[in-house]
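See below for the structure under consideration.
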Protein chains: 2
Amino acid sequence: ALHQAVERALVSGQLAGQHWLVSAGPTREAIDPVRYVSNHSSGKMGYAIAAALRDAGAQVTLVSGPTTLDCPDGIERVAVNSALEMLAACQAVNPDGFIACAAVADFRPAMAAEHKLKKGQGDLNDVHWVENPDIVAAVAGAKRRPRWVIGFAAETENAIDNARAKRIRKGLDAILANTVGDNQAFGTDDNHLHWIDAHGDTDLGHAPKRVLAEALVRRIIDLAKE
Amino acid sequence: ALHQAVERALVSGQLAGQHWLVSAGPTREAIDPVRYVSNHSSGKMGYAIAAALRDAGAQVTLVSGPTTLDCPDGIERVAVNSALEMLAACQAVNPDGFIACAAVADFRPAMAAEHKLKKGQGDLNDVHWVENPDIVAAVAGAKRRPRWVIGFAAETENAIDNARAKRIRKGLDAILANTVGDNQAFGTDDNHLHWIDAHGDTDLGHAPKRVLAEALVRRIIDLAKE
């Protein structure tokens, strides 16, 4: 507890004057007015990061897919459903830093979803799926890029190597590697994260998401000083 | 309020000694350990029916897909995810009556969902979808059939005519016709139901789901007296 109190005192106010954007939760891709594709992301990691950034003094905007979580105090939440809505909401903010924690659906139905269900249109084998944009790569590659762009990599094999490559390919300042296969991270209160930046890797350990969020913010404070 | 108190007094204890099974909520069909197809059913209608049956004196088992609702007091809840799990859970009960209120996914991925995500397997266009069993028709057609089997029909066009045909085709004692397109019923607190049985139709009106559930139970009490 003393250790934690000291840690918090060290980060307190360190991000004052900075505006951070965090994306969190799953996206839902509508097949029709009733059905959708989604994933098991609970949003807990992203919400914990948003709260930890706020505790470090930052102004925080949280773009969140559908979750059952309450918005932390002092944070502006923008609620979205689909990946395209999440992209638009993220692009509408002009922050100093962006942490892309959301589990964005890779695919969405190509057809417009506004139509009502009609007989004979219900067969999912008839749905044509198109790839969603890569939100963190789009933000990192934008002309008006946030100064810091940080992504997440959910890998089941060779997590560190794959995340390293993903960081460079997407133009990110840092990436967090975790493992989600078999629900190891989704929906749980714990997670295991590795921070990877241009200088190398740091194992942030296996811990409650709230604790990992604080460790992540300390890395961000260091990054912001470079 | 007096009207409602009288209504409740009339149904009180009328279903004592009977065991009713209610299915509620959506199903989730796993594509892989992370992604799934689901629908916007909140489970509110089915949970309200379960509570109204309990209030009429019935023993109630509630087979529920994933919802955020608390289980009503005095009701046994069996939590399931997929349509196949819901079918098995419903078939494991041997009730006097069954009300199939769940919004069961029509399709599920044909491939086993236990495998981890692998590179190149993420394209949803490669998923082959197979039809799920029709749970209420399976229960109504079983050798050991509950005495009363009641279904729901979510129709966007010709709701009454389509529901009438569906009742006969599936071998149901009664069916409730409602309208769900454009989120008219899913997730909301209100609904509009028509009760259809062998004798004809009754418009139960547009009302809060709790009130409709009580009206439905009064129809069931009449049905059970035949």
Side-chain angles (χ1 to χ4, degrees), chain A residues 26-42 66-69 81 103-110 113-132 153-159 162 165-166 178-187, chain B residues 26-42 66-69 81 103-110 113-132 153-159 162 165-166 178-187:
Chain A
T27 67
R28 282 186 185 169
E29 309 299 324
I31 300 168
D32 55 41
V34 170
R35 297 179 295 179
Y36 60 83
V37 169
S38 192
N39 63 66
H40 289 292
S41 169
S42 64
T67 77
T68 58
L69 302 175
N81 280 299
V104 181
D106 291 329
F107 290 85
R108 70 178 184 277
E114 290 86 34
H115 301 122
K116 288 184 183 176
L117 287 166
K118 287 215 169 54
K119 281 180 190 300
Q121 291 190 341
D123 191 328
L124 289 185
N125 291 299
D126 298 336
V127 175
H128 178 59
W129 301 87
V130 295
E131 275 197 71
N132 272 324
E155 308 279 352
T156 52
E157 298 169 35
N158 305 319
N162 285 331
K166 200 173 272 187
N178 65 7
T179 309
V180 297
D182 297 334
N183 298 323
Q184 278 183 60
F186 275 24
Chain B
T27 68
R28 281 186 185 168
E29 309 300 323
I31 300 168
D32 55 41
V34 169
R35 296 179 296 178
Y36 60 83
V37 169
S38 191
N39 63 64
H40 288 293
S41 169
S42 65
T67 77
T68 58
L69 302 174
N81 279 301
V104 181
D106 293 328
F107 290 85
R108 68 177 185 278
E114 290 85 33
H115 301 122
K116 288 185 184 177
L117 288 165
K118 287 217 167 56
K119 280 182 191 301
Q121 290 189 342
D123 192 328
L124 289 184
N125 292 298
D126 297 336
V127 174
H128 178 58
W129 301 87
V130 295
E131 276 197 69
N132 272 324
E155 306 281 350
T156 53
E157 298 168 36
N158 305 319
N162 285 331
K166 200 173 272 187
N178 65 8
T179 309
V180 296
D182 295 336
N183 297 322
Q184 278 183 62
F186 275 23

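The structure presented is a predicted model; accordingly, all values stated were derived computationally and were not measured. First the proteins, then the strands, lettered A, B, ... as listed; each starts at 1.
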For this session: Would you please test Arg28(A) and His40(B) for side-chain contact (heavy atoms from CB on, under 4.5 Å) and show each step?
Result: CA-CA 10 Å; Arg28(A) 282 186 185 169; His40(B) 288 293; 3.6 Å; yes
For this session: List the steps and the verdict of side-chain contact (heavy atoms from CB on, under 4.5 Å) for Asp123(B) and Phe107(A).
Result: CA-CA 7 Å; Asp123(B) 192 328; Phe107(A) 290 85; 3.5 Å; yes
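Listed by chain and residue number, Glu29(B) satisfy the side chain to side chain donor-acceptor pair (under 3.5 Å) test with Thr27(B) (two or more places apart in sequence, or in another chain).
Thr68(A) touches chain B through its side chain: at least one heavy atom from C-beta onward sits under 4.5 Å away, while N, CA, C and O do not.
Between Ser38(B) atom OG and Asn39(A) atom CG the span is 12.0 Å, to the nearest 0.5 Å. The CG atom of Leu124(A) sits 12.0 Å away from atom CZ of Arg108(B), with the distance rounded to the nearest 0.5 Å.
Between Trp129(A) and Trp129(B), the two ring planes are parallel [angle under 30°; tilted spans 30° to 60°].
Contact between Val37(B) and Ile31(A) at its shortest, heavy atoms only, is CG1-CD1, 4.2 Å.
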